[in-house]
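Only one structure is covered here, and it is reproduced in the block below.
Residue numbering restarts at 1 for every chain, and letters A, B, ... go by the order of the sequence lines.
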Amino acid sequence: MAAPPVKLKINGQEITAPAGSSILETARQNNILVPHFCYHPHLPVVGNCRMCQVDVEGIPKLQIACATPIREGMAVQTENDRVKKARQGVLEFLLINHPVDCPVCDQAGECSLQDYYMKHGLYQSRFSFRKVKREKAQELGPHVLLDQERCVLCTRCVRFTSDVTKTGELAVEQRGFHAQITLFPGRTLDNPYSGNVVDVCPVGALLSKDFRFQSRVWFLKESKSICPGCSRGCNIRVDSRGQQIYRILPRENLDVNKVWLCDDGRFNFAFVGAPDRIVSPQARSEGKLTDVTWPIAMVAMADRLRAMAEAGSTVAVLGSAQSPCETSWLAKRLAVDFLRGGPTEFGRSLRGTTGSDRSDDFLEEPDKNPNTRGAAEVGLGQGSDEALEGLRQKIASGSVRGLILIDFDPITELPGQAWDEALRGLELLAVLKSNTSPACAAAHVVLPLTTFAEQDGTFVNSDGRVQRFAAAFGPVHTARPGWQALRDLGKMVGLGWSYASAEEVFGALAREVASFSAMTYKNLGDLGQPLGGGSSASESTGGETVPAAAGNGAGAAEPVRAFGWRQWSWERKRPWE
Amino acid sequence: MFNAVLIDLLKIGLVVAALLQAASILTWVERKQSAAMQDRIGPNRADILGLTVLGLFHPIADGIKMLTKEDFRPRGADPYLFPLAPVLAFAPAVIAFAVIPWGGTLRFGEGAETWFVPLRIADINVGILFIFAVVSISVYGVVLAGWASANKWSLLGGLRAASQMLSYEVSMGLSAMGIFMVFQSLRLSEIAAGQGELMFGFIPKWGIFVQPLGFILFMTASIAEAKRVPFDIPEGESEIVAGYFTEYSGMKFGMFFLGEFVEVVLASALITTLFLGSYQIPFVVADQARNLYGLQLPGAELWPWNANLVAILQALAFVFKVCVMIFLLQTIRWTLPRFRYDQVMNLGWKMMFPLALANLLITAFLILALS
Amino acid sequence: MIPTKPVPTEKRDDKQLTFAERIYLPEILRGLRITLRHFFANIFVWGQRQVVTIAYPEVKRAVSPRWRGRHRLTVREDGTPRCTACFLCSTACPARCIHIVAEEHPDPNIEKRPGRFEIDLLKCVFCGLCVEACPCDAIRMDTGIFALSGFSRQDFYLSLPKLLEGVPAEGPASAGGPAKTRN
């Protein structure tokens with residue numbers, strides 16, 4: 001039984017908050033920003049940066065907001081002259097040895113030190129001595145570099161390794177001016193979540209090797225997305241410019257990934273812009289696959305399907321746990337409505353988009369497919385190896401004459417089964433994929449699909465949470481989203497589908513599939529909803545189990561910014577700050 | 001007979017050559033004169049062996065350039081009318097010169113063998129009407145150019161040109177009519193001869209003195225007919241690129257370009273003929289019937305000169321007057337800004353047309369009163 | 001050239017015009033008087049010739065030191081580009097014509113340098129904001145080059161070596177003093 005809520009005033013504003021919260025956290029929940037470096041809502045409080053000092057009525061000295069619990073009737077001032085002067089003092093000390101190399105620092109634009117300095121700084125340094133020179137670009141691990149000069153010794157990274165990953169690679173050594181972050185002797189920062197230390201670092205001290213020098217952050221367009229790397233469905237933010245992803249950052253979702261993201265998911269997005277992307281639709285003529293336009297490929301496929309339907313041949317659909325629900329559902333509908341109940345099944349990729357089969361009990365799931373639950377929910381099949389083997393045998397025996405492959409290549413994903421041979425015997429093999437794979441060689445029609453970064457859609461994670469992702473940029477080459485390709489095919493064979501967007505497909509899906517009932521893109525919001533909870537769930541986001549639940553709301557309120565640096569604001573914050 | 005035809009051909013050749021020469025030199029004059037008026041240097045780059053001669057090689061360079069340029073026809077342009085239009089715009093102005101007298105009469109031989117060579121190509125009884133008739137054909141050239149180019153700017157330019165030329169032809173004809181009434185003839189040779197007389201014994205009976213308002217109206221209208229500034233709305237660069245010849249290049253453009261200068265020469269020659277005493281030199285008598293040639297100041301005796309000398313002096317006087325007129329027109333062209341379309345129409349119909357009618361009426365009354 | 005006398009810009013409507021102005025002819029004659037005065041002064045009165053033409057390719061008009069010509073990148077004392085690839089010029093650029101690809105500088109204290117630095121002059125609007133944005137005085141527009149011509153689009157795509165070749169214009173243009181020395 002929790003203690004009753006506490007009433008207090010911050011800057012004169014009446015606030016009610018759960019007992020036991022800190023001033024800083026209470027202020028943050030109420031959109032009052034108390035500047036801070038060392039405080040992080042998902043890390044233990046240490047109170048060593050002294051930046052968050054506030055004036056509490058009745059206490060002669062300033063108190064650090066991160067470590068002062070709230071009391072009934074407390075009156076706090078966060079913006080009076082005493083507080084501002086204290087902050088200036090802290091900033092002046094921090095900047096004594098800071099190189100102020102913002103122009104070449106990758107953190108510039110999303111740096112706490114920079115933002116606070118612009119707001120509170122003294123602007124004229126009074127320090128006339130030579131700054132202490134330290135090691136630049138020190139390699140900590142496979143993904144992370146450390147710039148000692150820029151470090152403000154907030155120890156967020158140290159606490160991350162000691163309390164979140166519990167690997168403890170980092171520590172602070174020496175004292176005073178000589179204090180610095182260091183690796184334990186003989187260790188490297190190579191844990192599978194090492195990329196998160198770059199996110200928690202409030203300044204430009206910890207740098208992502210992958211993103212370093214690639215772009216200035218204000219050029220990047222942020223899009224809310226879901227990591228396609230495994231069935232955990234971590235909420236991510238895709239930062240892109242043009243048709244290129246520059247980096248992937250975690251997005252706060254307390255029910256899924258808090259604010260963390262594994263390195264496998266963070267750094268493996270190269271497949272989106274890979275040279276093996278299928279450039280154009282292809283159709284087989286005179287035994288050779290040749291590039292054609294979409295209408296020609298689609299007409300060729302629709303004609304063949306109609307002819308086979310008239311001849312009574314069975315056509316199967318083999319979907320994928322990689323596809324979003326919209327694509328899988330339309331595939332199922334195609335099988336039921338047009339292919340007269342032709343068998344449907346879906347396959348599960350072994351390594352998925354990340355190319356890794358690593359799993360643990362924190363974020364990484366053993367199932368490397370983002371939508372295994374979703375494919376099963378829309379009725380595409382079992383997804384088990386036995387079910388797939390059954391389908392293969394039907395093809396091999398000739399009872400199934402045609403196959404539509406979506407986002408899945410059984411030749412590479414099911415090496416134990418003799419799919420190669422089975423596919424060659426087919427009368428029609430249509431392959432809808434984003435990247436080239438061996439199955440394309442046997443195909444009669446190849447259609448290029450988009451990846452997660454180029455389309456809107458929904459994934460259902462292993463906990464049964466339906467989460468939507470938004471396109472970061474338009475389709476590359478001539479690719480089209482799976483739902484669009486299937487819709488056009490449905491139109492051509494007379495199913496009368498007229499969905500204009502993935503949102504409309506999802507609306508229809510939600511009406512037909514019970515566990516999705518009453519869900520829309522709008523009420524899924526940024527954080528998603530659990531399966532079956534659609535009817536009762538409102539706009540609010542089910543995060544009741546975690547004390548800092550309102551933080552979800554704050555994260556959701558941050559708008560997805562349109563492309564362009566003109567919208568850039570110095571006040572830009574990471575979602576959890 | 002054979003000799004007569006030969007002489008006519010010779011005169012035609014002389015006039016056409018002089019016209020084309022004048023037109024190409026005018027391209028240089030226009031640029032050099034405007035440069036002087038605007039404190040610039042003007043063309044001075046074209047050279048032969050380092051010799052620039054005040055930029056006089058520029059017309060040659062221009063000619064070579066226009067002849068060697070790509071002869072471009074836009075897609076959608078009419079294949080027959082498009083090349084025909086520049087010809088229709090250029091030819092009438094040259095043809096109109098057939099009836100303009102540019103000097104007195106040369107006389108060769110004695111007695112029955114006497115030969116008279118009048119310095120004009122044709123002398124027809126409807127001379128001035130012939131000019132109006134021929135010149136109005138050039139409207140077709142302009143309109144067809146605008147139509148056949150398949151370009152909206154060209155079409156707009158063609159329409160503007162048509163309405164402007166039709167409007168000002170009215171005033172032009174009416175303002176010239178006073179002259180016909182004074183000299184009782186449409187024959188240009190008779191108008192020219194009539195201007196050799198003196199009024200009150202000392203004022204030359206030139207058109208400008210008997211019809212001052214008619215002179216101003218006629219000059220204005222002829223500038224408008226030649227589509228020169230300030231009446232160049234058909235090619236107003238700031239609005240419609242280059243008007244009806246936007247799509248023309250090479251020598252087809254050159255024909256429009258030279259045609260405009262020929263029209264300037266024609267306008268100057270017409271004004272000279274009708275209003276500036278044609279080829280007459282004041283007080284120089286050339287009376288073929290009485291065989292009198294020479295200088296006669298008011299109240300003095302005749303100082304006889306050779307008949308042919310008088311004729312040649314008169315031809316030179318005609319050329320001189322035309323040159324002065326051209327200079328005046330060019331100066332106006334480089335002084336005034338372009339009218340707006342509505343201003344052009346206002347001026348043409350609401351001011352010049354009534355004034356021309358009034359001028360006609362007053363002239364008629366005066367002639368009635370004096371006779 | 002700065003006009004010595006202000007041009008009268010009085011606006012009058014037709015009703016305020018005098019009769020002489022309204023019938024237009026005397027005003028035309030006034031205009032002709034001005035143009036003819038210039039004409040005869042320039043043709044005959046040699047002492048009053050007032051031609052202002054500069055015979056361009058042979059005679060070039062001096063550009064003012066603050067005049068913005070083609071860009072150049074300044075160099076350090078060792079001849080390497082002063083640019084640290086901070087992207088501030090390309091951030092400030094309203095035409096988005098500056099394309100930079102950063103790479104590691106061998107000196108860890110400088111950290112960054114441009115691997116590629118390209119300016120698309122066909123997009124450039126010569127506003128000079130890149131020069132103002134640069135914290136290192138690495139880009140300048142003081143070459144005095146204003147006659148940019150080429151036979152292909154590629155000719156207008158200035159690459160890093162081409163930008164480094166630039167030299168400040170002679171005469172008044174170089175009066176800006178030596179490049180500031182800073183990191």
Side-chain angles (χ1 to χ4, degrees), chain B residues 28-47 50 52 54-55 208 212-221 223-224 228-231 324-340 342-344 346-348 350-352 354-355 358, chain C residues 1-63 146-152:
Chain B
W28 173 83
V29 170
E30 162 140 305
R31 287 183 226 169
K32 211 68 183 174
Q33 186 188 343
S34 65
M37 285 163 64
Q38 296 170 350
D39 297 343
R40 294 184 284 110
I41 295 174
N44 65 344
R45 290 284 165 159
D47 68 289
T52 57
L54 293 173
I208 190 171
L213 183 60
F215 168 71
I216 291 170
L217 293 176
F218 190 86
M219 189 168 85
T220 313
I223 296 174
R228 300 279 287 173
V229 182
F231 295 96
V324 169
M325 212 46 228
I326 289 173
F327 175 75
L328 185 64
L329 292 184
Q330 294 277 40
T331 313
I332 290 172
R333 185 245 179 280
W334 286 101
T335 303
L336 298 183
R338 182 186 308 141
F339 283 125
R340 228 166 40 218
D342 62 315
Q343 290 169 332
V344 168
N346 268 343
L347 186 68
K350 292 188 185 170
M351 293 178 70
M352 290 188 40
L355 277 176
Chain C
M1 251 189 234
I2 304 158
T4 47
K5 264 194 292 185
V7 180
T9 52
E10 178 190 4
K11 188 178 157 64
R12 295 197 288 179
D13 68 51
D14 288 355
K15 284 178 191 128
Q16 289 172 301
L17 297 176
T18 63
F19 179 74
E21 283 167 345
R22 233 176 316 165
I23 62 168
Y24 200 50
L25 281 177
E27 290 299 301
I28 291 180
L29 293 179
R30 247 161 50 108
L32 289 178
R33 207 184 74 187
I34 293 173
T35 45
L36 284 175
R37 194 177 67 218
H38 279 262
F39 177 78
F40 287 112
N42 284 323
I43 292 288
F44 298 113
V45 192
W46 288 98
Q48 285 186 27
R49 259 176 86 96
Q50 41 196 336
V51 168
V52 295
T53 308
I54 296 170
Y56 165 59
E58 294 89 13
V59 185
K60 288 198 175 85
R61 188 171 171 184
V63 294
F146 48 78
L148 300 158
S149 58
F151 288 100
S152 68

- Task: Find the distance between CZ (C:F39) and NZ (B:K32) and round it off to the nearest 0.5 Å.
- Result: 11.0 Å

- Note on the structure: Honestly, the part of B:Q33 sitting under 4.5 Å from a heavy atom of chain C is both

- How far does CH2 of B:W334 sit from CG of C:L32, to the nearest 0.5 angstrom? 14.5 Å

- Message: To the closest 0.5 Å, what do you measure between OH (C:Y24) and CG (B:L336)?
- Response: 5.0 Å

- Query: In terms of side-chain heavy atoms, does C:T35 have a donor or acceptor partner in B:T331 at a distance below 3.5 Å?
  - Reply: no

- What is the distance from atom CG of C:L25 to atom CD1 of B:I216, rounded to the nearest 0.5 Å? 5.0 Å

- Between B:A36 and C:N42, the two heavy atoms sitting closest are O-ND2, 2.5 Å

- Task: To the nearest 0.5 Å, tell me how far B:T335 OG1 sits from C:R30 CZ.
- Result: 13.0 Å

- Answer with side chain, backbone, both or neither: which region of C:I34 has an atom nearer than 4.5 Å to a non-hydrogen atom of chain B? neither

- Indicate the atoms forming the closest heavy-atom contact of B:M37 with C:H38, along with that distance. O-CB, 3.4 Å

